[in-house]
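Some notes on the structure that comes next.
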2 protein chains.
Amino acid sequence: MQALTLVDGISAVLWYDEGQDTDRHDMGKTRSAPTLNDVAKAAGVSTATVSRCLNSPDRVIEATRQRVLQAVESLGYTPNFAARVMAAKRSYTIGAIIPTMDNAIFARGLQEFQDQLRESGYTLLVSSSAYDPEVEREQIRTLVARGADGLLLIGHARDADIYAYLERHQIPSLVAWSYDPHMHPPSVGFGNAAAMGELAQRVISAGHRRIAMISGITQGNDRAQARVEGVRQAMTENGLNADELTLCETTYEIDKGAEAFGKLMARSPRPTVVMCGNDVLAAGALREAQRLGISVPDQVSVTGFDDIELAEIVTPALTTVHVPHREMGRKAARELIAMVEGTSEGRSICIDTRLVDRCSLAEPPGAQ
Amino acid sequence: MQALTLVDGISAVLWYDEGQDTDRHDMGKTRSAPTLNDVAKAAGVSTATVSRCLNSPDRVIEATRQRVLQAVESLGYTPNFAARVMAAKRSYTIGAIIPTMDNAIFARGLQEFQDQLRESGYTLLVSSSAYDPEVEREQIRTLVARGADGLLLIGHARDADIYAYLERHQIPSLVAWSYDPHMHPPSVGFGNAAAMGELAQRVISAGHRRIAMISGITQGNDRAQARVEGVRQAMTENGLNADELTLCETTYEIDKGAEAFGKLMARSPRPTVVMCGNDVLAAGALREAQRLGISVPDQVSVTGFDDIELAEIVTPALTTVHVPHREMGRKAARELIAMVEGTSEGRSICIDTRLVDRCSLAEPPGAQ
DNA sequence: TCCACCAATGTAAGCGCTTGCATTATCAAT
DNA sequence: ATTGATAATGCAAGCGCTTACATTGGTGGA
């Protein structure tokens with residue numbers, strides 16, 4: 001399943017006809033929708049002038065404009081979007097493909113992305129790929145097909161041919177939720193590895209040595225990969241053996257987080273901290289801990305990532321990494337528009353994350 | 001804000017250019033996206049044949065088709081959606097405008113609607129109007145502008161000029177979540193009045209006389225209006241004075257339901273039953289009841305409408321009206337497609353609702 | 001062998017709009 | 001008045017595709 005968000009909009013005309021001409025007798029007023037031409041005639045000007053009235057009013061003298069606008073009004077004219085796109089080679093539409101709509105993370109960032117686009121006169125078309133690369137590929141084609149002027153993608157990880165396709169179609173694209181200035185396309189996001197590394201550093205500083213992690217599926221997900229990598233690096237830097245990181249991969253669902261946590265707790269020796277790939281997973285872990293009668297953070301610490309609303313609501317409140325999603329959405333929109341309008345070649349922008357200390361992380365049990 | 005859902009899709013080409021010609025030196029391979037013409041040349045056939053290969057493969061001989069398909073493949077050709085829409089006057093896109101995406105009710109029905117459309121090769125574009133008629137009007141234009149072959153609307157209540165506009169543009173439309181065979185456009189839905197009336201009948205039969213209702217905003221919402229009307233009629237039929245119905249209108253939010261319930265409980269004499277316009281409102285009422293220490297259904301009964309997941313989860317579980325949303329979505333899709341394809345003039349279809357007895361409705365306190 | 005017929009393919013006319021370029025109107029300065 | 005510059009408008013060529021109609025070639029029956 002996919003979903004699209006549309007903001008604002010232009011207009012068009014369309015009527016259906018079908019081979020199946022049923023013998024309808026009521027072919028009454030088959031007066032079809034008015035076109036630019038009709039307006040032009042009604043206003044006694046050329047179609048060019050009407051077009052200019054609508055698209056760059058200042059290039060038309062007041063009196064004429066009045067006359068045209070009135071004709072538009074009285075005819076109930078609505079420009080045909082498809083025709084406009086064809087002629088102008090521009091749709092003022094931006095496409096975005098996100099992995100899922102079920103996660104508040106993307107919703108929040110996208111909302112801001114959309115608002116920003118709207119302000120600049122663009123419409124957003126969103127669709128979700130359900131973390132399936134094939135679906136994503138299909139949707140990219142669909143969005144390009146529908147005339148998207150630019151595309152927002154999540155993370156860099158995808159087949160090269162997709163980038164080639166975008167290149168060929170000359171569709172500027174931007175990656176978000178990830179930051180890597182050396183990659184193409186440019187990205188507006190945060191360093192997942194660094195952010196998670198910082199959190200891991202905090203964990204290690206607190207005295208934890210037996211570290212476990214519940215990660216999202218890393219396959220085809222550079223954010224998930226980077227988060228794991230961040231933990232590994234922090235371990236190495238602190239003289240720990242990164243290979244001893246107990247890793248559990250699962251999809252981003254609360255139930256899965258609970259399940260993974262259960263498995264982790266069954267191991268012996270038990271990890272003293274469970275770092276989760278995101279807050280949703282962490283919420284699941286917390287729920288399972290409660291069910292199992294394991295006290296967090298007294299017996300085991302838990303950390304999250306993203307700092308969505310959930311993080312504050314659960315008990316204990318999550319120690320997590322705050323990601324300024326709205327800021328990211330806003331900056332991504334600005335940059336992508338600049339690319340589409342040719343005022344930028346595409347810059348990568350790094351968004352700062354911030355550790356949020358709450359209650360789910362403490363010293364390991366038995367520590368003094 | 002609006003939101004669109006897109007399923008499946010065709011394709012297109014588009015490249016951006018902008019007055020601002022930055023002096024880029026890397027004007028390397030400006031080979032733009034391939035068109036039908038390119039494919040035709042590559043395959044050594046006419047554009048008509050390529051088009052036929054893609055749209056009605058059986059009208060082209062096997063050998064030719066092979067050749068064409070291979071050219072398509074090797075060129076990485078993607079048809080231009082806008083051009084296709086223009087030429088064919090058909091977009092295989094259906095638009096839907098729902099009042100809100102926050103309500104599980106529409107989500108569920110739409111999901112099915114969408115799946116059904118997809119099966120028939122149509123794409124769904126959804127947008128939400130936030131219950132604002134002006135926004136809805138705008139979105140209808142936008143959807144028509146984007147070439148929707150048909151439109152799904154919720155409820156009949158909207159200005160006549162909108163229907164005129166749709167008529168003029170020859171866009172078949174269908175109303176859902178409401179049923180009234182005498183109205184235009186045709187509707188696929190359920191009798192809101194009858195369904196609510198049935199529930200009210202049950203309430204009255206249980207012995208309730210002091211009835212209160214928390215309704216959604218009835219202004220511009222024929223479903224809400226009909227539900228109120230249903231209660232009124234049932235009262236009248238049972239010899240009660242419909243004017244004595246204590247009515248509280250509010251938006252469909254859980255908090256608002258709670259608030260309204262609080263006000264109702266402050267009245268004296270207190271109603272013995274609070275019938276809610278939907279389950280969300282009822283959930284709010286239940287929450288407030290708990291907060292106020294009012295026992296449901298011992299001290300006061302509460303009913304819902306829709307039977308969404310929530311209805312089973314709350315305590316006590318809601319006595320409500322079950323609406324088969326999926327069935328409605330499916331039938332609406334089929335009917336709308338038939339209308340778009342000219343095989344139906346538009347029939348109205350009534351979906352049966354069903355009372356669901358759970359625990360929130362009991363006899364009034366003090367009844368024997 | 002010839003012709004009628006039909007299936008396969010080609011030809012070309014738009015669909016409704018934007019926009020580069022040509023033309024005309026306007027007006028200040030000579 | 002005349003001229004030149006500039007602003008306002010018109011003209012017409014497409015954008016990439018579909019499809020009605022024309023053309024071609026192959027088939028079977030007389």
Side-chain angles (χ1 to χ4, degrees), chain A residues 10-19 21 32-41 43-68 72 75 77-92 144-147 169, chain B residues 10-19 21 32-41 43-68 72 75 77-92 144-147 169:
Chain A
I10 335 254
S11 3
V13 169
L14 234 286
W15 60 98
Y16 70 105
D17 56 350
E18 202 45 37
D21 44 339
S32 64
T35 71
L36 235 214
N37 201 13
D38 298 330
V39 176
K41 273 194 208 126
V45 297
S46 73
T47 59
T49 299
V50 178
S51 175
R52 282 188 280 254
C53 265
L54 268 24
N55 301 312
S56 37
D58 45 317
R59 297 183 44 57
V60 152
I61 211 169
E62 176 67 16
T64 315
R65 199 187 320 154
Q66 288 301 328
R67 205 147 29 97
V68 170
V72 165
L75 267 66
Y77 168 73
T78 312
N80 178 315
F81 186 75
R84 187 209 282 278
V85 169
M86 273 214 73
K89 294 211 177 59
R90 204 93 159 54
S91 68
Y92 285 96
V144 170
R146 292 196 99 91
H169 283 259
Chain B
I10 334 249
S11 2
V13 170
L14 234 287
W15 59 99
Y16 70 105
D17 55 351
E18 203 45 37
D21 44 339
S32 66
T35 71
L36 234 214
N37 201 12
D38 297 331
V39 176
K41 273 193 206 127
V45 297
S46 73
T47 59
T49 299
V50 178
S51 175
R52 282 190 279 255
C53 266
L54 268 24
N55 301 311
S56 37
D58 45 317
R59 296 184 43 57
V60 152
I61 211 168
E62 175 68 14
T64 315
R65 199 188 322 154
Q66 287 300 328
R67 206 147 28 97
V68 170
V72 165
L75 266 67
Y77 168 73
T78 313
N80 179 315
F81 186 76
R84 188 208 281 279
V85 169
M86 273 215 73
K89 295 211 179 55
R90 203 93 160 54
S91 68
Y92 285 96
V144 170
R146 292 197 99 89
H169 282 261

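Chain letters run A, B, ... following the sequence lines, proteins first and then strands; every chain starts at 1. For the numbers below, each heavy atom of this structure counts, side chains included, while hydrogens, waters and symmetry mates do not. The structure displayed is predicted, hence computed values, not measured ones.
- Between the CG atom of Asn80(B) and the C1' atom of dC17(C) there is a distance of 14 Å, given to the nearest Å.
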Got a list of side-chain donor-acceptor pairs under 3.5 Å for residues 56-64 of chain A, not counting sequence neighbours?
from, atom 1, to, atom 2, distance (Å)
Glu62(A), OE1, Arg65(A), NH1, 3.3
Glu62(A), OE2, Gln66(A), NE2, 2.8

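- Asp38(B) CG to Lys41(B) NZ: the interatomic distance, rounded to the nearest 0.5 Å, is 6.0 Å.
- Using a 4.0 Å heavy-atom distance criterion, Ile61(A) is classed as a sugar-phosphate-only contact.
- For the OP1/OP2 pair of dG10(D) and a distance below 4.0 Å, the side-chain nitrogens and oxygens of Ser46(A) include at least one atom meeting the criterion.
- Mapping Ala83(B) and Asp58(B) onto DNA chain C by nearest heavy atom places Asp58(B) closer to the 5' end of the strand.
- The shortest distance between side-chain heavy atoms of Thr78(B) and Val144(A) does not fall below 4.5 Å.
- We find that CG of Asn37(B) is positioned 12 Å from C1' of dC15(D), with the value rounded to whole Å.
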Legend entry - Heavy-atom protein contacts under 4.0 Å, nucleotides 19-26 of chain D, coded B base, S sugar-phosphate only, - none: BB------
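- The distance between atom CD of Gln66(B) and atom P of dT9(C), rounded to the nearest whole Å, is 13 Å.
- Distances shorter than 4.0 Å separate none of the side-chain N or O atoms of Tyr92(B) from OP1 or OP2 on dT18(D).
- The NZ atom of Lys89(A) sits 6 Å away from the P atom of dC15(D) (whole-angstrom rounding).
- If you measure from atom NZ of Lys41(B) to atom P of dG16(D), you get 11 Å, rounded to the nearest angstrom.
- Rounding to whole angstrom units, CZ of residue Phe81(A) and C1' of dT18(C) are separated by 14 Å.
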